[in-house]
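Pasting a structure below so you can have a look.
Here the structure is a predicted model, which is why all the values come from computation and not from measurement. Any value given below was found using the heavy atoms of this structure, including those in side chains, with hydrogens, waters and symmetry copies removed. Here is how names work: the chains are called A, B, and so on, in the same order as the sequence lines, proteins then strands, and each is numbered from 1.
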Amino acid sequence: MKKILNDPQAYVDEMLDGMIAAHPEIYAQPAPRVVARAGGMRPGKVGIVSGGGSGHLPIFTGYVGSGLLDACAIGDVFASPSAEQMAEAMRQANGGAGVLRLYGNYGGDVMNFDMAGETVELEDDIESSTVLLADDVVSAGPEEREKRRGVGGMVYAFKMAGAKAEQEGADLASVTAVAQRAADACRSVGMALTPCVVPQAGKPTFTLGENEMEMGMGIHGEPGIRREALRPADEIADEMIDLLLADRPIEPGSRVSILVNSLGATPQEELYILFRRVKERLEGAGATLLQPLVGRYATSMEMTGATMTLCHLDQELEALLAAPCHCAFWTVT
Amino acid sequence: MKKILNDPQAYVDEMLDGMIAAHPEIYAQPAPRVVARAGGMRPGKVGIVSGGGSGHLPIFTGYVGSGLLDACAIGDVFASPSAEQMAEAMRQANGGAGVLRLYGNYGGDVMNFDMAGETVELEDDIESSTVLLADDVVSAGPEEREKRRGVGGMVYAFKMAGAKAEQEGADLASVTAVAQRAADACRSVGMALTPCVVPQAGKPTFTLGENEMEMGMGIHGEPGIRREALRPADEIADEMIDLLLADRPIEPGSRVSILVNSLGATPQEELYILFRRVKERLEGAGATLLQPLVGRYATSMEMTGATMTLCHLDQELEALLAAPCHCAFWTVT
Amino acid sequence: MAITSKSLQAAAPRLATRAVEIAEEMNAQDGKLGDGDLGVTLRKGWQAVAEDAADFPEDLGKAFLSCSKAFQKVSSSSFGTLVATGFISAAKASKGRDSLEWLEMAGLLAGARDAMMARGKGALGDKTILDSLEAATKEVEGLEDPAAIRAALIAAADQALAEFRDRPNRLGRARMYAERSQGLDDPGMLAFRRLLDAFAEA
Amino acid sequence: MAITSKSLQAAAPRLATRAVEIAEEMNAQDGKLGDGDLGVTLRKGWQAVAEDAADFPEDLGKAFLSCSKAFQKVSSSSFGTLVATGFISAAKASKGRDSLEWLEMAGLLAGARDAMMARGKGALGDKTILDSLEAATKEVEGLEDPAAIRAALIAAADQALAEFRDRPNRLGRARMYAERSQGLDDPGMLAFRRLLDAFAEA
Ligand SMILES: Nc1ncnc2c1ncn2[C@@H]1O[C@H](COP(=O)(O)OP(=O)(O)O)[C@@H](O)[C@H]1O
Ligand SMILES: Nc1ncnc2c1ncn2[C@@H]1O[C@H](COP(=O)(O)OP(=O)(O)O)[C@@H](O)[C@H]1O
Ligand SMILES: [Mg+2]
Ligand SMILES: [Mg+2]
Ligand SMILES: [Mg+2]
Ligand SMILES: [Mg+2]
């Protein structure tokens with residue numbers, strides 16, 4: 001296991017300690033495994049919480065910051081936080097105007113967040129709502145869209161809902177509506193070349209041959225649609241774009257953004273090589289490409305591979321994407 | 001070779017095309033392998049150019065931007081750009097107030113940049129100066145400091161010299177002096193776990209056993225000081241800090257910044273685990289730690305490992321580090 | 001005799017002990033197609049319940065709520081959340097009462113089953129703990145003797161395991177490997193069976 | 001006879017051809033302890049010179065400058081930059097003149113050697129192209145017959161190789177492997193020797 005760590009059991013807590021020590025002006029940890037904004041919650045602002053397993057930085061905790069999330073609950077690597085931690089995150093994000101739970105569609109996370117929502121509604125009188133990201137197009141067919149896994153679409157949803165919630169007078173219903181529109185606007189697909197090692201398990205999440213790739217693989221190593229010999233970057237980009245456009249075509253005059261994301265080890269250089277082709281394809285399909293994101297926005301530790309998220313913009317979503325935000329991983333001015 | 005690319009020969013050019021397509025508001029490529037600011041050069045501003053081999057994003061080209069560099073020449077992966085490309089970068093960075101060449105101490109780069117400097121001085125009448133980063137403490141002893149390799153110290157030097165050059169009235173001498181002070185203030189050390197693959201070579205830059213690490217290894221796989229079994233994160237951090245402090249101790253009341261940098265595949269999570277210890281150590285040694293940088297600031301594609309750069313601040317350097325800057329990889333507001 | 005806060009208090013350490021005993025087996029079973037944490041979930045969850053048991057309030061509803069909280073605090077895996085959900089349902093059913101009759105056991109199980117179905121969006125036939133609860137509910141219906149209930153629960157649990165063993169998992173992590181799951185006991189269903197041994201000893 | 005822009009023009013394609021012939025051997029030699037690009041550098045560099053040769057100006061200084069530019073354009077590796085540096089030194093030495101006497105060859109070589117030493121911060125004895133140039137300078141000193149100069153250059157190159165073969169590299173990439181470099185010809189010194197064959201054919 002070629003990882004830099006101390007006790008595998010302490011991986012998450014030491015990581016959080018380090019993160020908060022590095023950016024005390026952005027993050028605070030008011031309770032174990034709960035990250036909130038250092039400046040506290042602005043009264044009257046709708047709170048946005050997210051959460052899920054560790055090992056995906058900047059997802060989830062990294063996106064706590066102005067114009068983004070208010071709090072996060074974070075579990076062990078690739079494991080859900082507890083309902084109690086989620087409830088605490090919601091309490092931290094409570095500014096008296098309600099709290100949106102905005103996260104990815106994974107069974108354990110959903111159960112725990114639902115339970116947490118009921119808890120704080122009962123015990124703390126916090127009104128709340130849920131928007132789930134279910135953007136991975138290969139994880140279920142279009143007729144079962146709600147069963148899909150949530151992946152890179154979170155980045156857009158966090159940004160857009162986060163920007164909306166900063167607006168004076170935005171209430172829970174309108175923030176929830178924007179988050180839902182953002183979630184609905186996203187389509188994602190991934191591909192992987194090498195696995196990562198979950199510290200507590202100590203072994204790779206999957207194995208692929210020396211020269212193999214898997215198209216459609218999920219960020220935790222969930223099976224994709226095909227294993228095959230590693231293909232050239234342009235062909236990889238083409239197939240990923242084909243999958244995204246097959247699920248939701250580009251309409252004439254469409255304005256879109258795209259996230260070309262590294263799962264961790266794939267270098268920025270190679271993301272740009274992919275992006276070069278992606279841009280050609282999207283513009284070739286008649287779309288106007290706006291504010292593309294190319295980098296490590298949602299990772300799986302040291303996994304090699306890439307994901308793409310296509311976000312179909314409307315006027316408000318476009319403006320919200322361009323609005324200011326600030327966290328340790330993303331600053332828009 | 002588990003890399004996402006098309007033709008290995010086209011790796012650098014396709015990467016640059018993608019990078020510029022992704023951030024047209026920041027970067028331009030006025031000549032092949034020469035990256036300059038999209039907005040052009042402000043007349044009267046001292047220009048700062050850097051350059052070197054590809055494969056280290058955000059180094060070099062990624063740091064072209066306001067409050068940072070004005071232009072870069074970039075070579076094949078891990079290979080120097082040509083003197084002619086460097087000369088062109090200097091022409092692009094010429095605002096009539098002289099140009100500083102600020103880059104890492106690698107034989108080929110130095111020869112070519114010197115030659116480029118002579119060329120533009122003769123042919124284009126551009127006054128210029130050189131500051132070399134030679135911050136890798138294990139690459140030569142203190143009595144031969146000028147022979148050391150340049151690594152993460154570049155990040156601080158780019159930021160500080162870049163901020164200085166934005167100041168109204170800053171001339172070549174004062175920008176050069178700040179750059180030199182920044183370079184002198186930095187001490188770096190690296191360690192590696194797994195190699196990367198140079199696309200044109202198609203094979204790993206080195207090999208390490210399944211459970212081995214190499215302390216002191218350079219970013220291109222240059223031999224370090226010791227191969228040994230992988231140690232816990234805190235011990236790794238301790239030895240790296242020990243090496244840095246042995247080369248330049250912390251004085252009472254010292255104010256320092258530190259860069260804890262991933263060579264590529266090492267995830268942000270593990271950088272934070274390292275940083276947690278690093279902070280304890282530095283503060284334990286009596287230093288005040290300011291504006292730490294924890295992330296991928298100087299990589300070697302998909303190499304696994306980390307580098308640390310300790311920057312001993314003075315009052316001006318501290319202010320320059322905090323000054324605004326903006327590129328695709330680093331925004332300070 | 002009836003179900004009271006005191007009887008919960010007495011049962012808690014026995015269940016915790018049993019959970020420790022079966023932890024490794026359950027991790028292994030969950031590890032075949034899942035993330036191998038079921039034993040940890042059971043151990044931590046029941047130990048937390050046992051620790052809190054001394055402070056269980058008289059009100060049976062509140063005692064069940066304490067059980068739920070204990071599980072929520074230490075476990076985040078599906079099974080823990082489902083158990084916590086089952087306890088909430090029991091808490092609602094016994095709110096304000098100091099005891100339940102044994103005859104009400106079937107209703108408790110049915111309530112837990114329904115609440116867990118709502119929480120986990122599962123269905124009967126998916127080869128999960130829900131199918132064990134369904135079998136148990138049917139089997140204890142109308143019984144009021146604790147020994148008979150105990151025997152019925154064990155019979156129901158065994159029967160559910162046997163019935164579903166060769167069917168594919170349709171929920172939880174194991175559903176991704178539907179085919180490979182045929183022939184393997186669902187770990188949650190197996191855990192239900194193993195925990196019942198703690199009652200048997202009582 | 002003397003060294004003129006025309007004679008450079010005539011020599012360029014022969015050197016380019018020779019560079020193509022030896023490219024693979026030079027890559028291999030450089031690859032033993034370095035990055036294996038020396039053959040590519042030589043091939044690209046001399047081909048660029050040959051391509052530009054048609055446009056060489058009469059002024060010998062400017063013709064040498066064209067040679068330098070051609071190398072700078074296509075090569076960024078040390079050897080290319082050093083060759084370009086050597087040409088600049090020759091350009092300075094012949095600035096404004098249409099020809100140099102063969103007797104001036106030693107001076108050209110010495111000038112190139114010194115310029116390359118300044119550029120690469122190398123010293124004699126480091127086992128590099130500098131040592132070949134040093135030997136060549138000494139050997140051609142006082143000679144004015146082109147055939148004799150040619151023979152002297154070859155003798156000097158061979159002699160430098162032999163003298164340094166078992167010594168360690170102290171400069172360039174190979175210095176990191178000082179010990180392993182003993183017994184191996186320095187690729188740059190070997191390239192110098194191989195390129196001289198192109199003169200021999202003239
Ligand atoms: N959504 C669900 N509904 C009902 N039972 C479920 C559900 N998900 C999991 N289970 C049960 O829980 C067991 C697995 O528990 P656990 O290991 O805690 O899950 P995980 O680690 O995958 O979150 C399964 O064997 C199954 O019986
Ligand atoms: N600083 C230097 N001074 C003199 N000669 C040098 C220097 N560096 C390299 N050389 C010569 O150049 C040869 C290697 O050339 P090349 O392959 O182009 O270098 P690299 O690829 O390492 O930049 C060496 O064999 C040596 O003769
Ligand atoms: Mg499990
Ligand atoms: Mg689990
Ligand atoms: Mg070479
Ligand atoms: Mg080279």
Side-chain angles (χ1 to χ4, degrees), chain A residues 9 12 31-34 51-54 73-89 105-120 122-123 130 132 134 138-140 144 146-147 149 198 200-203 205-206 216-218 220-224, chain C residues 27 30-31 33-38 40-41 44-45 48 52 61-62 65-66 68-89 91-92 95 115-123 126 128-130 169-180 188:
Chain A
Q9 306 295 331
V12 171
R33 306 275 181 105
V34 175
S54 289
I74 186 162
D76 279 328
V77 172
F78 295 0
S80 174
S82 71
E84 177 46 36
Q85 287 159 341
M86 290 168 166
E88 185 54 32
N105 184 32
Y106 292 90
D109 294 336
V110 175
M111 277 192 238
N112 287 323
F113 256 129
D114 282 351
M115 175 162 259
E118 289 165 26
T119 302
V120 298
L122 277 173
E123 296 181 2
T130 293
L132 288 179
V138 308
S139 55
E144 296 191 306
E146 73 292 345
K147 289 203 179 166
R149 298 183 291 254
V198 175
Q200 290 177 292
K203 52 174 203 269
T205 46
F206 58 87
M217 189 176 251
H220 308 103
E222 294 93 340
Chain C
N27 279 342
D30 186 34
L33 297 177
D35 59 355
D37 62 359
L38 183 56
V40 176
T41 297
K44 283 199 191 166
D52 292 358
K62 289 191 176 145
L65 204 63
S66 296
S68 174
K69 289 275 168 196
F71 256 92
Q72 284 183 55
K73 219 167 43 192
V74 297
S75 162
S76 55
S77 243
S78 307
F79 202 83
T81 308
L82 290 168
V83 171
T85 302
F87 278 128
I88 289 183
S89 135
K92 284 182 185 162
K95 195 173 176 181
M116 288 159 71
M117 218 180 290
R119 171 72 69 231
K121 304 187 179 72
D126 285 349
T128 67
I129 179 74
L130 299 175
N169 270 106
R170 299 202 187 284
L171 210 65
R173 287 176 201 269
R175 86 180 173 289
M176 295 198 303
Y177 311 91
E179 273 183 33
R180 282 167 57 196

- Above 12 or not: heavy atoms from other molecules or residues under 6.0 Å from CD of A:Glu146?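 Counting neighbours around CD of A:Glu146, more than 12 heavy atoms of other residues, nucleotides or ligands fall under 6.0 Å, so yes.
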- A:Phe78 portion near chain C, given a 4.5 angstrom heavy-atom threshold: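 Backbone only.
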- Query: Does any heavy atom of chain A fall under 4.5 Å from the side chain of C:Ile88, the backbone, both, or neither of them?
  - Reply: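 It is the side chain, since no backbone atom gets that close.
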- Approximate separation, where rounding is to 0.5 Å, of A:Met111 CE and C:Ser76 OG: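 Reported to 0.5 Å precision, the distance equals 11.0 Å.
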- Hey, does C:Lys121 have a side-chain heavy atom less than 4.5 Å from the side chain of A:Asp114?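 Side chain of A:Asp114 against side chain of C:Lys121, heavy atoms only: contact under 4.5 Å found.
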- Task: Evaluate the side chain to side chain contact (heavy atoms under 4.5 Å, CB included) criterion for residues A:Gln200 and C:Asp37: first the C-alpha distance (whole Å), next the side-chain angles of each, then the deciding distance (0.1 Å), finally the verdict.
- Result: CA-CA 11 Å; A:Gln200 290 177 292; C:Asp37 62 359; over 6 Å; no
- Task: Identify, with sequence neighbours excluded, every residue that meets side chain to side chain contact (heavy atoms under 4.5 Å, CB included) alongside C:Val74.
- Result: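 By the side chain to side chain contact (heavy atoms under 4.5 Å, CB included) rule, C:Val74 matches C:Lys44, C:Ala48.
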- Under 4.5 Å heavy-atom distance to chain C, tell me which part of A:Glu118 shows up: side chain, backbone, both or neither.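 The side chain, not the backbone.
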- Message: How close do C:Ser75 and A:Ser82 get, counting heavy atoms only, and between which atoms?
- Response: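 Where C:Ser75 meets A:Ser82 most closely, the heavy atoms are O-CB, 3.6 Å.
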- Could I get the full list of side chain to side chain contact (heavy atoms under 4.5 Å, CB included) partners for C:Thr85, not counting sequence neighbours?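 Testing C:Thr85 for side chain to side chain contact (heavy atoms under 4.5 Å, CB included), a comparison that skips the adjacent residues, returns A:Met115, C:Thr81, C:Ala115, C:Met116, C:Arg119.
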